Every structure is written in structure tokens, then in C-alpha cells.
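Worksheet: one structure, shown below.
Given the structure is predicted, the values throughout are model-derived calculations rather than measurements. When a residue number appears, it is its place in the shown sequence, counting from 1.
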Amino acid sequence: MKKLLLTCFLALLCLVGRYLVASDKVADSPPGNGLVDASSLQSGREEIIPSASDSPDPKPNSNLLFYTQLMQRASDSKVRVTFLPDPMDAFSGAPDFQEYSDSFQAGTLYDGAYGTVWSRISIPSKRPGYLSLYLDDYPVIQNFLAFPTDSIHLVIDKNAGQKIFTGPSYALYELQDRLHTLLEQSMKRAGISIHHREGEEVFAHPDIQEAFIKNQQLFGPKLQLTKIDVAEMLHALALEMEEESFTRELERLILFYHKKMPDAVLDFLQAQTLADYFLSKVGRLQTLVNYAGDSLREKAMIEEFIRQMELGKSMPLEFGSDLPFAEKVLELKLKLAALESNLMGESLENYLVDIKPGLERDLMISKLVFQRIKLGKGRYGQLDSLQKLIAHPILSDKLQKFITHIQPGQPVGSFEFINEQGEKISLDQFRGKTLLINTYFTGCSASSSYYHRVLSKLESALEDQDELVLISISADRSREKWETGIASGRYNSESWIRLFSGEQGYSHPFFRKYLISSAPRPLLVDPEGNLIAIQELYQNPERLQQLLANHTSIKL
């Protein structure tokens, strides 16, 4: 009898524990090692990256609390959260950036829930921004609008394929998750389209064509063959936009969450989602412009299509002082500007200069410059001239910091990495030598191609010289993945000093300083540790060779 009573008592405790964890009172979730404080995670960050410690300590109730629970008994996964408060260009990760990570703890009858693992991360912030959460390197949520006082509980059941939001702020996150799903469904509904010209052989053999047709009949049209005809393709796009139920489904979703959150937030999320939807259409129009080539008739048809169709050009960028600028709307406006400037046969830079001065133009120029820096396109003088057109003081000041970093002659700074022996290596150790640094990540086909086309050819020309040091820096977050990349020989050779970011990936201060978030990105550093160049080296290998010849005695 006692044994039965004890069993019932333990079962009751287990149920109570599960109820407490699943309740909306996430702020009362169990404290402990899972609570990650910003001060312990911002160490080593360059001062050019604002951190939570750069401003007065936020009030305790201004923190964003994110509680993650996995419905499993054990997990060696790492939770990583990035937060971009009040960003100018959230989707290139600039300029403000906060990152936090934690390991899962086993739940008990007291902490969390028995049979689960949990993590709790507190993010100090006084401003709204964009939040992303990763399990290891897998994105669970990406660029979700988040507020400083949010308290959210995310329950993930991998076996059931479920992702459930609870807690006081559940509606905001649940809606955004559903909006992302709606967008994905819209993209998949269209399927994949392969464009071909009249008379062009698409299939190498009749048997392949027969198998393709059979699969289309059995499983539905997952792939479409489209003959390149600008007029017909424009007509098809117009019909698609008229017939698609996306906007109706979007409005129903927004209406369902009416009164669960402020109207301004709903308007913001609706605009962001619509902008994302229109971006895919603008991308297709850009393809048609390329197909049109020099045909004035076909270009005129595309221009008329843009005038007649609602593509979000009039959508606002501001939705109140408590919300950030609508980042996706800004991206859409910039893409439309690029499309129209292409049709007019002028550069996007000149097109933006001719727009009426104001906040919208300032934001578009800011985003363009950030994108140019991120991709290593445009030289310092060109980007500096664009920055000087910005009248908004905060935008201008923030952008100027990043433009200064790419200015030739600026000190690169002392950054530490890990070498193949596990030792810490600082760039300062190579003073007195010219450095050719190349960044990459394992699995990047562009990095592999660039190494074999350009860098490997330089290696043979640089043999038996000690004036130039070749340094290869990986943005991999896993040491095992980095070592696999080294062993493959696809990204470097033993001629290079091969370094690792220490599992920080593109969050490493070196990458953050130069907004490096794509690969490859080469840069040159002089013997005094000052930047020679970082812009237009990947796109222009001849410029890289010329700079090497100008700054060393090496003859290529």
C-alpha cells in the first residue's frame, strides 16, 4: 500500500512539474546555470561592436527572456540566440549585434520538467529588434520581431515535429511562425521553373524526357519547363498574382490575431510579409529584364507591368516610434529601384541620388552601402561619397564607422584565432610582413572555385619568398568541420597558415568589423598592420595581383 501511495505521489509531482513549465509564467522558470548573462558572453568583442554593456544596465523588467525546452531526456545540442536591436540592415547582420549561447540542462521534478531538457537566456535590451534562435547551426526561428519585455517559452518536440510557443508573448511569435509558413507554402506552390529558348534541347536523351513527363504525371508538376518569351511570361505572372490566395490568407491570419496585440504591430508584420512576397515577384521581373536585353519593346512592357501592378512600392517604412524600420519593405524598395534603374540603363547609385531627399532615400542608400561592404563591392571613395548624401544624423554616424573600417591605411587591429595545433594566434604576430588573408567556410563552392582559379596559382608564383604571408581563416563553427575542409585541399594548402574562428563563426569580431558574412572575402594588410584593401578583390583578381605588385617586390 505504501509503495502504491509513493508511486501516485511521484506521478502527481511529475504532472504538477509539467504544468508549471507549460504555464504562461515563463519569467518564473527555474533559475540556474541556464540563465546566460550578457556580461559573460560579450568578452573579447571589439569596441566597434556595441554590446549590452556599452549602455546603462537595463531595468530587470526590460530584458527579453527566452526559455527553450526540448521534449527529450538528454541533449548535447547548443542553443544560440542572436538579437539585432533597432537594426538598419538586419539581414546582413549590421550594425548592432548581440549573441548569446547556452547548453541544455536536464529537467527534474524541481527544475523544468522531468524527461525534458531546458535552457534559459536573458537578453538585455531597451529597443525592439530582430531575434533568431538556432539549435547547433540549425535555424529554429529567424529574424522574428522581438521586444525588450517579451517572455517566451518555446517547446520543441522533434519526434512529433512540433514547435509550440507559450508564455505571455506567445501570440507575437506564433503569428510570425505562421506567417513564415504561409510564405514558404506560397513559394513551394509555384514549384521550380526551368527557362529555355525556342528550339533549345532541354533533355540530353528522349528517355530522360519520357521519365520526366511520367514523374510529372505521377507526382504533380513540381518542375515546369517555360519557353523564354517576355510577353507570355509577363502575362503568366499577372494571372498568377491575380489568382493566388496569398493576400487573402494573410489578411485572415492578421484578423485572427486582432486584439491579441497592438494594431501597429499587426500592420508592421503584415507589411513585412507582403514585402517578402513581392520580393520574389520583383526577382522574376529582373530575370525578364535580362531576357529582354536590348529590346525596347519588351522593356516597355515590363515598365508598364510595374506601373499597373501593386508591388508594394507605396508601402510605408515606419509604423510608430516603438517599432524598428520595416526591413523587408526597405529591401523591396531597393530591389524595385535596382529594377527600374536597370530598365533606364543607369547605375543604381545615380538612380538613388536623383530620388527626392528624405528618410526613405537615406535608408535606401544606407542599405545599399551596407550590402556593398558586406559583399566586398565598391571601393572606399565611392561608398564614402554615397554616405555623405545621408542627412539623417544617426544613420550617417553609424554608417560612417563601417566605411572608415574599409578605408586603406586604417589599422586592422589585433584579432586572435586558433591554429591547427590548437594554439592562439594573433594577427599582430605577423608584423613586418605583408599579409594576404582569405576567409571561407567549409562547403562553400565559391570559396573552393576561387582558391583553385586564383589563389592556388598565386602559390606557385610566391614560392621561396618570405615577404608575404598567406593566411586562411575559416568561419566554420565546428572544429571537426574545419579540419575536414583542410583535409579536402579545396580551400587552401600547406603553403597557408590555416586558422579557425574558435567556433564563433561569422560572429567573430574580425568578421563583424568588416561585415564579412559571405565567402570568399580576401584582404591585404601591410607590414605595419594597416589595411591595403578589402573591397573588389574577390570580384577582380587582376586588382589583387596589381596591389601585391605595388606593395611588395614580388613579381607575378
Side-chain angles (χ1 to χ4, degrees), residues 46 48-49 89 92-95 97 349 366-387 398-417 426-428 430-431 433-441 444 446-447 450-451 453-455 458 468-475 491-492 496-497 499 501 504-552 554 556:
E46 287 283 290
I48 55 96
I49 311 276
D89 190 4
S92 69
F97 178 81
E349 288 83 354
S366 295
K367 188 169 183 68
L368 176 64
V369 173
F370 272 115
Q371 288 179 346
R372 292 284 190 264
I373 296 174
K374 174 187 172 183
L375 297 173
K377 294 182 177 179
R379 302 188 188 181
Y380 166 77
Q382 299 167 328
L383 300 178
D384 188 54
S385 297
L386 280 172
Q387 184 273 333
K398 286 189 175 183
L399 192 58
Q400 183 59 53
K401 292 179 182 178
F402 285 91
I403 292 179
T404 300
H405 295 154
I406 64 168
Q407 181 179 6
Q410 286 290 310
V412 171
S414 177
F415 294 99
E416 283 192 344
F417 299 93
S426 169
L427 295 183
D428 278 346
F430 304 102
R431 287 289 175 90
K433 306 283 187 181
T434 301
L435 307 182
L436 170 55
I437 301 174
N438 185 51
T439 67
Y440 73 99
F441 64 89
C444 174
S447 295
Y450 183 66
Y451 171 68
R453 284 187 301 104
V454 178
L455 300 180
L458 285 176
L468 179 72
V469 176
L470 303 176
I471 299 178
S472 184
I473 302 177
S474 165
Y491 312 100
N492 46 50
W496 295 73
I497 295 174
L499 304 179
S501 67
Q504 293 183 65
Y506 283 119
S507 301
H508 190 285
F510 174 78
F511 295 128
R512 297 293 307 156
K513 179 174 182 177
Y514 295 109
L515 300 185
I516 298 174
S517 57
S518 59
R521 282 295 302 281
L523 65 156
L524 281 172
V525 181
D526 70 20
E528 286 73 44
N530 299 321
L531 186 69
I532 296 174
I534 188 173
Q535 300 295 107
E536 293 190 352
L537 296 182
Y538 167 57
Q539 295 83 357
N540 190 347
E542 290 77 17
R543 180 168 184 255
L544 173 60
Q545 293 182 14
Q546 187 60 54
L547 287 169
L548 281 171
N550 292 344
H551 289 82
T552 68
I554 300 169
L556 299 173

Residues Leu547, Leu537; criterion side-chain contact (heavy atoms from CB on, under 4.5 Å); working and verdict: CA-CA 9 Å; Leu547 287 169; Leu537 296 182; 3.7 Å; yes
Would you say the side chain of [Y] lies within less than 4.5 Å of the side chain of [X], judging by non-hydrogen atoms?
X	Y	value
Leu544	Leu436	yes
Leu458	Gln545	yes
Asn438	Ile471	no
Phe402	Val369	no
Tyr440	Ile473	no
Tyr514	Thr439	no
Pro527	Lys433	no
Leu427	Val525	no

Which heavy atom of [X] sits nearest a heavy atom of [Y], and at what distance?
X	Y	answer
Ile373	Leu515	CG2-CD1, 3.9 Å
Lys513	Gly413	NZ-N, 4.3 Å
Cys444	Ala519	SG-O, 3.8 Å
Leu368	Glu349	CD2-CG, 4.2 Å

Expected output: side-chain Gln539 to main-chain Leu375 donor-acceptor under 3.5 Å: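 Looks like yes, one N/O pair under 3.5 Å.
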Gly378 backbone acceptor or donor facing Gln535 side chain under 3.5 Å: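 Confirmed, Gln535 side chain pairs with Gly378 backbone.
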Val469 vs Ile437, side-chain contact (heavy atoms from CB on, under 4.5 Å): CA-CA, chis, key distance, verdict: CA-CA 8 Å; Val469 176; Ile437 301 174; over 6 Å; no
I'd like to check the side chain to side chain donor-acceptor pair (under 3.5 Å) partners of [X]; sequence neighbours left out, ordered by chain and number.
X	answer
Arg379	Glu536
Ser472	Asn492
Tyr491	none
Asp428	Ser414, Arg431

Residue from Phe415, Phe441, Tyr506 passing ring-ring contact (aromatic ring centres under 6.0 Å, His included) with Phe511: Tyr506
Salt bridge (charged side-chain N to carboxylate O under 4.0 Å, His left out): pairs with one or both residues in residues 515-531, sequence neighbours excluded: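 Qualifying pairs: none.
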Spatial distance of atom NZ (Lys377) from atom CD (Gln382) [nearest 0.5 Å]: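 So the gap between those two atoms works out to 12.5 Å.
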Atom pair NZ (Lys374) and OG (Ser518), whose distance is rounded to the nearest 0.5 Å: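 Answer for the NZ-OG pair, Lys374 versus Ser518, is 6.5 Å.
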Residues in ring-ring contact (aromatic ring centres under 6.0 Å, His included) contact with Tyr450, at least two apart in sequence or another chain: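 Per chain and number, Tyr450 pairs via ring-ring contact (aromatic ring centres under 6.0 Å, His included) with Tyr538.
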